[in-house]
Amino acid sequence: MCGIVGYIGNKQASEVIINGLKRLEYRGYDSAGIAIVNGELNVKKGKGKVANLEKMLSSVRKGTVGIGHTRWATHGAPNDINSHPHTGQRNKLALVHNGIIENYSILKKKLIEQGYEFYSDTDTEVLAKLIESFIENNKDSLLEAVHHALHQVTGTYGLAIVHTDFPNQIIAARKGSPLLIGIGEDEMLLASDASAVAEYTDKVVYLDDGEIAIIKKDSYIVESAEHIELTKEVHELALSLEEMEKSGYPHFMLKEIFEQPKVISDCLRGRLDVEQGQITLGGIEGVMDKLVNAKRLIIAACGTSWHSGLVGEYLFEHLAKIPVEVEYASEFRYREPLIDEDDVMIVVSQSGETADTLAALREAKSKGALVLGVVNVVGSTIARETDAGVYIHAGPEIGVASTKAFTAQVTVLTLMALSIAQHKKTVSPKRIKTLVKELALVPEKIGEILEHHEKIEKIANLFTYAPNFLYLGRSYSFPVALEGALKLKEISYIHAEGYPAAEMKHGPIALIDEMMPVVVIAATQHTNEKMVSNIEEVKARKGRIIAIITPDNNEVEDLAEFAFSIPETMDVLSPLLTVIPLQLLSYYIAVNRGCDVDQPRNLAKSVTVE
């Protein structure tokens, strides 16, 4: 959450930083700010989006060293005073921060006793003045002051710090919040996400927890918390600017919905041999023996990734015959989980930086479990810390509400389940070949659904101002019901709930009346008769039914007020198709309501704080 950009080189720092902040605005957009060093410290910041900050830059002194920030509020309301950067008492030091300083109130009390004054409600201002105190009292260098200050800090941070007395450097530090250094020609960049630097360089160094870097325009040094200089691997980015643009679409979310045929094709490429009916996943081949013999799989994730994990539960148990537990990563380590070296954990995260998922990963590894990652961002912390894993190859996902990452995650989990089943021989070669063939057709079938998006748009027009929605599904369609409800909540601010259809009678049925739209996912053949009964129960209470069906499901189509047909596929692959019309429904309703689809209120793309 929040975005950090730093620049030191020969260009005007403000221009580079603003460009980077625009790329990172999906990480937080409550407020934004910038600090430029050029003989003195020039700070501009305020509530609102990066566009508001850009208007202030005419009064900022030019300079080639600076840091910037776009905020998702934790401590203190999103207002001008609480915006980053925060400064020291003498207006020489500026600092931007992602994360939470848990012991800030204790540190603040000590600093007040030393004569320091505070103006914001943030934990970050405490850190700025703590670092300043070491420079003033101990005559530390900026690097030394940061080391000393961080030894007193409890919490998480991604930091960028500048100081007028040390004008040719930026100090960066990381613990629990991502940071990377971009290596250019006679220039260096700092960012919390690679998309902010991709316009200027394709070479980056990722900081790990506990590391501090001193960055100059033509060099960088990375140290451990114990002042030991470290050798870091330089990674090459595979991001293109075109991937980070809207490409003519009104919103990133719509672009990303329409990218899903290509994304899934990319995800399958080189991994699926349709002729032979074979699956090859190089990322997990080295641990296949452990997977084949696993007594239990644990899938840990948050939000949309948790929903993809629920689909994975059905897939692994049905195909690979391995018991599966799907855990909210945020709860996993707080309930003393029983896990050992016989278990395998799969952590699922689009960003690869989700704080709760990282915590679950580390807890499982500490107990000796094998941990696999399913992530999108190459070089992310989860990708680096897991024992093995599979990238989803979805490309940058800028819309805060995840769409293409969900279908790519489900695709990878399907491949993993099939690959294990193939090795365990829990599914016949003939059926594997049929599944592989059908999976290869999924991109084309999603394309067919998208060709009929206007039909979903018309349905959305009728339900734009409904106060509540209920989503129902069974078997593979239950996680899709949860995901459909989440999408509607996230971007349209309509209250929506997803339920297993049979559970409706155990409470939610009390909500149903003629004002309640009920979205029914009736696309799994083996549960269709039961779904018909549930639909009859909704109709008896005058609920308005929107049904997602397969062709020739006349029984459900006749019962529903509105029906949208998806192409026929096998039940195990149905989530890849049924979720598409639900994504479109949420999108069109949100647009009709005038909501900010790509940057919905109170949300950020990458949740890097607990």
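Heavy atoms only: backbone and side chains are in, while hydrogens, waters and symmetry mates are out. Numbering starts at 1 and runs along the sequence shown.
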Side chains of Pro178 and Asp193: closer than 4.5 Å at any heavy-atom pair? no
Reported NE2-to-CD1 distance for the pair His227 and Ile212, which is rounded to 0.5 angstrom: 7.0 Å
Does any part of the side chain of Glu211, heavy atoms only, come nearer than 4.5 Å to the side chain of Arg174, both counted from C-beta? no
Are Val65 and Asn38 packed together at the side-chain level, in the sense that at least one heavy-atom pair is separated by less than 4.5 angstrom? no
Check Ile131 against Ala149 and note the closest heavy-atom contact, atom names and distance. CG1-CB, 3.6 Å
Glu144 vs Asn138, test: side chain to side chain contact (heavy atoms under 4.5 Å, CB included). Steps then yes/no. CA-CA 10 Å; Glu144 290 169 335; Asn138 297 2; over 6 Å; no
Decide if atom NZ of Lys49 counts as having more than 12 heavy atoms of other residues, nucleotides or ligands within a radius under 6.0 Å. yes
Ile81, CD1: over 12 other non-hydrogen atoms inside 6.0 angstrom: no
Gln114-Lys129 side chain donor-acceptor pair, cut-off 3.5 Å: no
So OH of Tyr157 and CG of Asp123: to nearest 0.5 Å the spacing works out to 13.5 Å
Side chains of Thr381 and Glu353: any donor to acceptor distance under 3.5 Å? yes
Gly33 and Pro85 have their tightest heavy-atom pair at C-CD, 3.6 Å
So Val374 and Ile299, do their side chains get closer than 4.5 Å, heavy atoms only? no
Asp209 vs Arg362, test: side chain to side chain contact (heavy atoms under 4.5 Å, CB included). Steps then yes/no. CA-CA 13 Å; Asp209 279 357; Arg362 290 164 180 164; 3.3 Å; yes
Which pair of non-hydrogen atoms, one from Tyr471 and one from Ala496, has the smallest distance, and what is that distance? CE1-CB, 4.1 Å
Could you check whether any side-chain heavy atom of Glu483 comes within less than 4.5 Å of a side-chain heavy atom of Thr304, counting everything from C-beta outward? yes
Please confirm whether the backbone N or O of Ile215 pairs with a side-chain atom of Ser219, one donor and one acceptor, at under 3.5 Å? no
Does the distance from a Lys or Arg side-chain N to an Asp or Glu carboxylate O, for Lys404 and Glu397, drop under 4.0 Å? no
pair Asn42-Glu40: side-chain heavy atoms closer than 4.5 Å: yes
Please determine, by modelled atom types, if Thr403 and Gln583 share a side-chain donor-acceptor pair under 3.5 angstrom. no
Say whether His148 and Asp140, considering side chains only, have a donor N or O and an acceptor N or O under 3.5 Å apart. yes
Is the shortest distance from a Lys or Arg side-chain nitrogen in Lys255 or Glu259 to a carboxylate oxygen in the other one below 4.0 Å? yes
Under 6.0 Å from the NZ atom of Lys232, do we count more than 12 heavy atoms belonging to anything else shown? yes
When rounded to the nearest 0.5 angstrom, what is the spacing between CD1 in Ile101 and CD in Glu125? 13.5 Å
What's the shortest heavy-atom distance between Lys45 and Asp80, and which atoms? CE-O, 3.7 Å
Taking Glu187 for its side chain and Asp218 for its backbone only, find out whether a donor-acceptor pair lies under 3.5 Å. no
Are Ser349 and Thr354 close enough, and set up right, to give a side-chain hydrogen bond (donor to acceptor under 3.5 Å, both in side chains), and what steps lead you there? CA-CA 7 Å; Ser349 167; Thr354 310; 2.9 Å; yes
What's the spacing between Asp356 CG and Phe332 CZ if we round to 0.5 Å? 12.5 Å
Would a distance-only check, ignoring hydrogens and angles, find a side-chain to backbone donor-acceptor pair under 3.5 Å from Asn10 to Thr64? no
Starting at CG of Leu127, measure out to CG of Leu150 and round the result to the nearest 0.5 Å. 6.5 Å
Validation: residues 159-170 side-chain donor-acceptor distances under 3.5 Å, sequence neighbours left out:
| unit_1 | atom_1 | unit_2 | atom_2 | d |
| --- | --- | --- | --- | --- |
| His163 | ND1 | Asp165 | N | 3.0 |
| Asp165 | OD2 | Lys92 | NZ | 3.3 |

Quick check: does any side chain N or O of Thr156 sit under 3.5 Å from a backbone N or O of Ile100, one acting as donor and the other as acceptor? yes
If you compare all heavy atoms of Ser192 against all heavy atoms of Leu24, which two are closest, and at what distance to 0.1 Å? OG-CD1, 3.6 Å
If you compare all heavy atoms of Ala13 against all heavy atoms of Gly66, which two are closest, and at what distance to 0.1 Å? CB-N, 3.9 Å
Quick one: side chains of residues 584-593, donor-acceptor pairs under 3.5 Å with protein atoms, not counting sequence neighbours, listed by atom name and distance.
| unit_1 | atom_1 | unit_2 | atom_2 | d |
| --- | --- | --- | --- | --- |
| Ser586 | OG | Leu488 | N | 3.3 |
| Ser586 | OG | Leu582 | O | 3.1 |
| Tyr587 | OH | His251 | ND1 | 2.8 |
| Tyr588 | OH | His453 | ND1 | 2.8 |
| Asn592 | ND2 | Asn461 | OD1 | 2.9 |
| Asn592 | ND2 | Thr464 | OG1 | 2.9 |
| Asn592 | ND2 | Tyr588 | O | 3.3 |
| Arg593 | NE | Ser492 | O | 2.9 |
| Arg593 | NH1 | Thr464 | O | 3.2 |
| Arg593 | NH2 | Ser492 | O | 3.4 |

Side chain Asn82, main chain Asp121, donor-acceptor under 3.5 Å: yes
Candidate pair Arg601 and Asp596, rule side chain to side chain contact (heavy atoms under 4.5 Å, CB included), full reasoning: CA-CA 8 Å; Arg601 68 188 184 201; Asp596 190 338; over 6 Å; no
Quick one, Glu117 and Gln89 - any side-chain contact, counting heavy atoms below 4.5 Å? yes
Reported CG-to-CD distance for the pair Leu93 and Glu136, which is rounded to 0.5 angstrom: 9.5 Å
Hey, are the side chains of His97 and His69 touching, using non-hydrogen atoms and a 4.5 Å cut-off? no
Side chains of Gln350 and Ser402: donor-acceptor distance under 3.5 Å anywhere? no
Given 3.5 Å as the limit, does a donor-acceptor pair link the side chain of Asn376 with the main chain of Ala394, or not? yes
Does the pair Val375 and Tyr391 meet the rule for a side chain to side chain contact (heavy atoms under 4.5 Å, CB included), with working shown? CA-CA 5 Å; Val375 299; Tyr391 285 114; 3.6 Å; yes
Is it true that a side-chain atom of Thr201 and a backbone atom of Ile183 form a donor plus acceptor pair closer than 3.5 Å? yes
Determine, for Glu490 against Lys487, whether the closest basic-nitrogen to carboxylate-oxygen distance falls under 4.0 angstrom. yes
Step-by-step ring-ring contact (aromatic ring centres under 6.0 Å, His included) determination, Tyr206 to His235: CA-CA 8 Å; Tyr206 295 97; His235 296 261; 5.1 Å; yes
